[in-house]
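Here is the structure we will look at, set down as structure tokens.
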2 protein chains.
Amino acid sequence: MQSVDTLIHAAYIIPVEPEGLVLERHAVAIDQGRVVALLPSAEARHTYEARHVVERPEHALIPGLINAHTHAAMNLMRGLADDLPLMTWLGEHIWPAEGRFVSPEFVRDGSRLAIAEMLRGGTTCFADMYFFADETARAAREAGIRAVVGLILIDFPTAWANSADEYLSKGLALQESLRGDPLISTAFSPHAPYTCSDAPLAKMAMYAEELDLPIHMHIHETADEVTQGVEKTGQRPLARLDALGLLGPRLAAVHMTQLTDAEITRVAEAGVHVLHCPESNLKLASGFCPTARLAAAGVNLALGTDGTASNNDLDLFGEMRTAALLAKGVAGDASVLPAAQVLRMATLDGARAFGLEQLTGSLLPGKAADIACVHLGALETQPLYHPISQLVYCTGRHQVSDVWVAGRHLLNQRRLTTLDETELVAKAREWQGRIAEFR
Amino acid sequence: MQSVDTLIHAAYIIPVEPEGLVLERHAVAIDQGRVVALLPSAEARHTYEARHVVERPEHALIPGLINAHTHAAMNLMRGLADDLPLMTWLGEHIWPAEGRFVSPEFVRDGSRLAIAEMLRGGTTCFADMYFFADETARAAREAGIRAVVGLILIDFPTAWANSADEYLSKGLALQESLRGDPLISTAFSPHAPYTCSDAPLAKMAMYAEELDLPIHMHIHETADEVTQGVEKTGQRPLARLDALGLLGPRLAAVHMTQLTDAEITRVAEAGVHVLHCPESNLKLASGFCPTARLAAAGVNLALGTDGTASNNDLDLFGEMRTAALLAKGVAGDASVLPAAQVLRMATLDGARAFGLEQLTGSLLPGKAADIACVHLGALETQPLYHPISQLVYCTGRHQVSDVWVAGRHLLNQRRLTTLDETELVAKAREWQGRIAEFR
């Protein structure tokens, strides 16, 4: 008998690699934070002696979901201003509230609320973009969730930094302080083409190359952004970024709702990753990301919720479902983005977008034990012909019973083990009072 | 002190009429199955002496949701065949399975599973369209939920009837047997223009007039349907139905993804109701119903889930959210179908589509006490700036704690009081075994 930390038995294990595989009555053995093996439960019981044995007989184990684009701290502005177009929403509501309230304390409390929500929804890793990323990193480390925090860059001054140079130097200092962290990595996060000038972008691209870091950026979110970019610079924003040397496999481009055929080809050739946020794009009427065409061109597509102020949740089960449904509607073809592909977008392809595919995103031996366990026994998921379809088309995030990150049991039968829900709700209400009063 | 059956105190009451109103710390008094009054909780405590007092201090009370289009019995085929276009899905999967399995027993078990799912998701009334509607009616009555069951009409023979005349006569007999039922009403339910010939449709229209019944029909679901209709009859299906005298306030037209400007005008003038099923339309790539344009033209829009074989759930919270988001994306305008309007579509406007607006769909004194109670206290719904936004944009159906239909407490703190969940799951698994084996 081989000794391991944990053995989890489940009705189904869906490792995501290979795509579409469903293992029935299997177990996953975990040791020192890594997946050791997937094997039939009966065999596992006389192969491994585990310090923790977890039985989940009506459940599916999947790789923990990866939220490839969010602004965690914005959880404190959930539902603050709905049913408004992007620029009104940003200019008249979000930016003024941010100008007044964003601080280390705001980011800490908002990030913790978001992390709790993500863990309870089966998310084990998130790529964030916000001010005071040091606070988000700390909140993630304390909670035990994996994160890619953003080294923000934007032309205008905020509470976090006063100039492009200060954004970059603060980002570099944060990156240095996080080096070697087992859970937290970083990505340069220039806000968008329309808020970042050429010179700082070029400097950032140089640093990204030198430090081998991803670049995480909102690009072609709306038609207006493209039109105004052309008016101002004579180029479509994507072409401008291309000229600056940004298009390549380290670029994770968020939204991308406005793409010509030639741009799709260029993005595919360059190895750019597209971070698709379907609910945010719909809610702000930003446009439709041509996911089926991007996928057909071979572009790696990951899935993000965006922040809760434009979604209004951090629910990747809902986002998978919306992505699958919307792709079919937009392509006019019900066979595009089938369930297994969408589950891969929400896991392995998210890891790929940030260079983490050797570490997480699928349940392969040697990878981190980042796992979500989903209850499929209730009447809402019966009958159950195809578990992967069921996960994408009729599973709610509340069905997530357990979550492990690097083998650590962070959600145990719906109970968070590293965060205090009562305290988080109380803090959220405190902020609500302050923010509502200001408005 | 006035004596009443039930007094429910909640943090918020959202009566839907008037639109947008949110009453804080109010109570609803219920007697003999009807709403007696909405009033501040403090006042209610010394006005009414109630046999049952229910305290829901972190909850919102809303009118029970109305699922304006479903095929309840198809719950037994949930997830049987996904990621396929409409005609492949129907012709190669659903119709063969129906041909083999549809029976009174199938419809009874499928309907009961669906009703349980709907009640647990806050739905208090559903408009159904399926074979053996007598079984669906019986299942609804036994469970205590409100239903509009379909008097099916279709050209081809099924287990339910052999000819158009037999469909009509069986429908009339069912209608007669349900006359005066406090919970169950009926609607003529011709399947679609492409499966119903002129003569039976004309006969049915005559009966509908005579009996004052709604007509519930799939119309213009896909572009192919319209093209083929034109090829076969020389007319677009809607024009053909208009010539047959079907367009009027008793027609509840499902899907309607293909509409010219002139057709929108005609539908508005005629007082036709449109039953919007956004998730089904997306999943089958049927097209986009122009909801914002229909609403602007003054058309009454209700919301349906369709059957679970093309959705794959009966979740009206998810459907509200998809309807709100998709309308913005399709219209290119983030301000269309705001949250309060979508909540009305899922309640009062569904009642209107079936002539039930005097009875249900809003919390007005005198109306039936059809109520859903939604928990808003968990961290996923914090902060809480605008309760109606929160309900539409970030509430999961699992947050429904309680449901009353005609004052009867059918879901009590997540527990069904008239249905046995264990038995329903066991039955669903039995059918799954039989259906999976056949395939």
Side-chain angles (χ1 to χ4, degrees), chain A residues 76-80 82-86 89 113 116-117 120-121 279 281-285 287-288 308 311-313 315 318 321-322 324-326 328-329 331-335 337-339 377-380 382-386 389-390 393-394 396-398 421 424-425 428-429 431-432 435-436, chain B residues 76-80 82-86 89 113 116-117 120-121 279 281-285 287-288 308 311-313 315 318 321-322 324-326 328-329 331-335 337-339 377-380 382-386 389-390 393-394 396-398 421 424-425 428-429 431-432 435-436:
Chain A
L76 295 176
M77 296 192 277
R78 184 204 309 277
L80 185 63
D82 290 328
D83 302 316
L84 297 168
L86 177 65
W89 174 77
L113 183 65
E117 179 177 355
R120 278 165 53 101
E279 296 189 359
N281 294 160
L282 289 170
K283 187 151 183 286
L284 299 169
F288 302 115
T308 59
N311 183 305
N312 298 349
D313 60 34
D315 174 6
R321 186 180 165 87
T322 304
L325 295 178
L326 185 63
K328 299 174 201 313
D333 179 351
S335 68
L337 265 59
L379 61 88
E380 284 83 357
Q382 300 300 320
L384 202 175
Y385 295 100
H386 304 293
S389 253
Q390 216 81 331
Y393 292 117
C394 74
R397 59 174 165 173
H398 63 284
E421 291 177 38
L424 292 174
V425 169
R429 288 182 178 162
W431 280 105
Q432 177 186 331
I435 294 171
Chain B
L76 296 175
M77 296 193 275
R78 184 204 309 277
L80 185 63
D82 290 328
D83 302 316
L84 297 168
L86 177 65
W89 173 78
L113 184 64
E117 179 177 353
R120 279 167 48 103
E279 296 189 359
N281 294 161
L282 289 171
K283 187 150 183 284
L284 300 169
F288 303 114
T308 59
N311 184 303
N312 297 348
D313 60 37
D315 174 6
R321 183 180 166 88
T322 303
L325 295 178
L326 186 62
K328 299 173 201 315
D333 178 351
S335 69
L337 265 59
L379 62 87
E380 284 83 357
Q382 300 301 320
L384 203 175
Y385 296 100
H386 304 292
S389 252
Q390 215 82 331
Y393 293 117
C394 74
R397 58 174 164 173
H398 63 283
E421 290 178 37
L424 293 174
V425 169
R429 287 181 178 163
W431 279 105
Q432 177 185 332
I435 294 171

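Labels below follow one simple rule: chain letters A, B, ... track the order of the sequence lines, proteins then strands, and each chain is numbered from 1.
We find the NZ-NZ distance between A:K328 and B:K283 to be 7.5 Å, quoted to the nearest 0.5 Å.
Residues forming a side chain to side chain donor-acceptor pair (under 3.5 Å) with A:W89 (at least two apart in sequence, or on another chain): none. Residues passing the side chain to side chain donor-acceptor pair (under 3.5 Å) test with B:H386: none are found, sequence neighbours excluded.
Between the side chain of A:D83 and the main chain of B:A339, a donor-acceptor pair closer than 3.5 Å is present. Under a 3.5 Å cut-off, the side chain of A:R78 and the backbone N or O of B:L384 do not form any donor-acceptor pair.
For a residue to count as touching a neighbouring chain, one of its non-hydrogen atoms must lie under 4.5 Å from one of that chain's; by this rule A:L80 touches chain B with backbone and side chain alike. Proximity to chain A (any heavy atom under 4.5 Å) is shown, for B:L113, by both the backbone and the side chain. For chain B, the nearby part of A:L284 is the backbone; its heavy atoms alone come within less than 4.5 Å. Only the side chain of A:Q390 comes within less than 4.5 Å of a heavy atom of chain B; its backbone N, CA, C and O stay farther away. In this structure, chain B has no heavy atom under 4.5 Å from any part of A:D315.
Note: B:P383 leads B:G329, B:P383, B:A285 in heavy-atom pairs under 4.5 Å with chain A. Ranked by heavy-atom pairs shorter than 4.5 Å toward chain A, the options B:A324, B:P85, B:P338, B:G287 are led by B:P338. For the set B:H398, B:E421, B:E117, the count of heavy-atom pairs under 4.5 angstrom toward chain A peaks at B:H398. The candidate from B:E380, B:M77, B:E279, B:R120 with the greatest count of non-hydrogen atom pairs under 4.5 Å with chain A is B:E380. Ranked by heavy-atom pairs shorter than 4.5 Å toward chain B, the options A:L84, A:T308, A:D333, A:L325 are led by A:L325.
A:L282 is not listed as a side-chain neighbour of B:T322, based on a closest heavy-atom distance of 4.5 Å or more. For the pair B:Y385 and A:D82, the minimum side-chain heavy-atom distance is 4.5 Å or more.
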